[in-house]
2 protein chains.
Amino acid sequence: MTNNDLVAAIEGQGYRLTAPRLRVLESIAGRDTNFTAEEVCADVPGVGRATVFRTLKLLVERGLLCKMILHDGSPRYSFPLTGHHHHLVCVSCGAITEFQESEIEQLLSQLGVSKAGTIVGHRIEVYVVCPTCQVRYGGHAKPELPISAGVSS
Amino acid sequence: MTNNDLVAAIEGQGYRLTAPRLRVLESIAGRDTNFTAEEVCADVPGVGRATVFRTLKLLVERGLLCKMILHDGSPRYSFPLTGHHHHLVCVSCGAITEFQESEIEQLLSQLGVSKAGTIVGHRIEVYVVCPTCQVRYGGHAKPELPISAGVSS
DNA sequence: TTTTAAGTGATACTAACTATCAGTAATACG
DNA sequence: CGTATTACTGATAGTTAGTATCACTTAAAA
């Protein structure tokens with residue numbers, strides 16, 4: 001995600017492209033996956049914490065940034081590479097990759113129709129030990145992290 | 001979930017069934033879905049906050065309680081009615097129902113094998129407007145809550 | 001140019017924990 | 001049974017990730 005993309009998304013949508021917002025956009029543009037709001041705050045001295053959070057929230061609402069939840073419950077921001085997608089998060093190194101699985105969406109929509117009402121959103125995160133970290137662990141995941149332990153819902 | 005079930009799960013697992021723990025178990029036993037840690041704290045005066053959180057965490061780790069995340073990111077505890085399952089959470093009234101979808105698990109495991117390493121856990125929450133609340137909204141979901149807005153991952 | 005609305009930073013506050021630590025209680029050992 | 005070991009406890013303070021408030025500033029509209 002380039003700075004220009006972000007600026008374009010703010011401008012002409014009824015939002016004002018102010019100096020503090022621009023500082024935040026410049027700070028996050030070009031970042032890779034997996035950054036925290038605090039990191040952004042630290043990178044824009046002089047811009048208030050509230051403004052940083054407000055700007056991140058704005059971007060998330062506009063779909064320009066996604067906010068996900070790690071294995072331990074802590075939030076991270078990342079830029080979406082594709083449209084609708086889900087995350088694979090390595091619980092060891094934090095690397096995030098995306099996946100799209102239209103079949104999952106289809107299954108969920110069937111579910112909504114069948115019994116639960118109208119689906120208004122969903123949250124799917126898959127926690128993995130990535131290939132690189134698997135090598136470090138000797139070819140298998142940490143034994144103390146059984147499938148779905150503590151996080152499945 | 002009855003108190004006896006909880007007590008049985010703590011006893012004989014190397015954990016001690018102490019008076020404060022018992023108070024917490026009694027407080028949550030018989031609760032329905034969707035309670036917060038604060039509600040439990042308020043219900044067991046004299047028991048320290050830390051002990052309440054520690055006990056809830058213990059139960060979650062043991063699989064006797066599940067912790068999920070609402071649409072707005074706030075955590076809630078509920079008792080699992082079935083084994084492995086996921087939640088349908090009404091964003092209007094907070095009602096929680098469970099669903100099981102083995103096809104989703106299958107899709108995810110295929111995903112892990114194909115490219116992402118070893119899956120160690122996942123988090124799936126589906127946010128809905130339940131049938132009861134749909135009636136209240138005139139037969140359709142709140143327009144300001146588009147599918148996946150701000151929460152899909 | 002005035003008015004209105006949006007945005008800002010400082011500050012304080014909240015929720016949901018976690019860390020530390022001295023003290024207590026439960027269980028194990030001899 | 002007494003002692004040692006270990007688990008557990010509450011109080012307190014600190015952390016993370018924000019949100020609420022509010023006087024002030026800035027940008028855009030009329």
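From a predicted model like this one, the values you see are computed outputs, not experimental measurements. Only heavy atoms go into these numbers, but all of them, side chains included; no hydrogens, no water, no symmetry mates.
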Problem - Watson-Crick and G-U pairing of DNA chain C, under 3.5 Å, as dot-bracket with | and [ ] - result: ||||||||||||||||||||||||||||||
Practice task
Check whether any side-chain heavy atom of B:Arg31 lies under 4.5 Å from a side-chain heavy atom of B:Asp43, and answer yes or no.
Solution key: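 SC-SC contact between B:Arg31 and B:Asp43 confirmed.
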Tabulate below the donor-acceptor pairs under 3.5 Å that side-chain atoms of residues 51-60 of chain A make, not counting sequence neighbours, or state none.
| residue | atom | partner | partner atom | Å |
| --- | --- | --- | --- | --- |
| A:Thr51 | OG1 | A:Arg54 | NH2 | 3.4 |
| A:Thr55 | OG1 | A:Thr51 | O | 2.7 |

For [X], what residues pass the side-chain hydrogen bond (donor to acceptor under 3.5 Å, both in side chains) criterion, not counting sequence neighbours?
X	answer
A:Ser78	none
A:Arg76	A:Asn34, A:Ser74
A:Thr18	none

Distance in angstrom units between [X] [atom1] and [N] [atom2], rounded:
X	N	atom1	atom2	result
A:Leu65	D:dG18	CG	P	11 Å
A:Tyr15	D:dA28	OH	P	15 Å
A:Phe35	D:dG18	CZ	P	11 Å

Practice task
Could you tell me which residues satisfy salt bridge (charged side-chain N to carboxylate O under 4.0 Å, His left out) with A:Glu38, sequence neighbours excluded, listed by chain and number?
Solution key: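 Salt bridge (charged side-chain N to carboxylate O under 4.0 Å, His left out) check on A:Glu38 returns A:Arg49.
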Exercise for the section: Using a 4.0 Å heavy-atom cut-off, write out nucleotides 8-26 of chain C from 5' to 3' as B (base contacted by protein), S (sugar-phosphate only) or - (no contact). Expected result: BBB-----BBS-B----BB
Exercise for the section: Check B:Leu65 against B:Phe35 and note the closest heavy-atom contact, atom names and distance. Expected result: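 Closest approach of B:Leu65 to B:Phe35: CD1-CZ, 3.8 Å.
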Practice task
Enter the distance from A:Cys66:SG to A:His86:NE2 here, rounded to the nearest 0.5 Å.
Solution key: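 That separation rounds to 11.0 Å.
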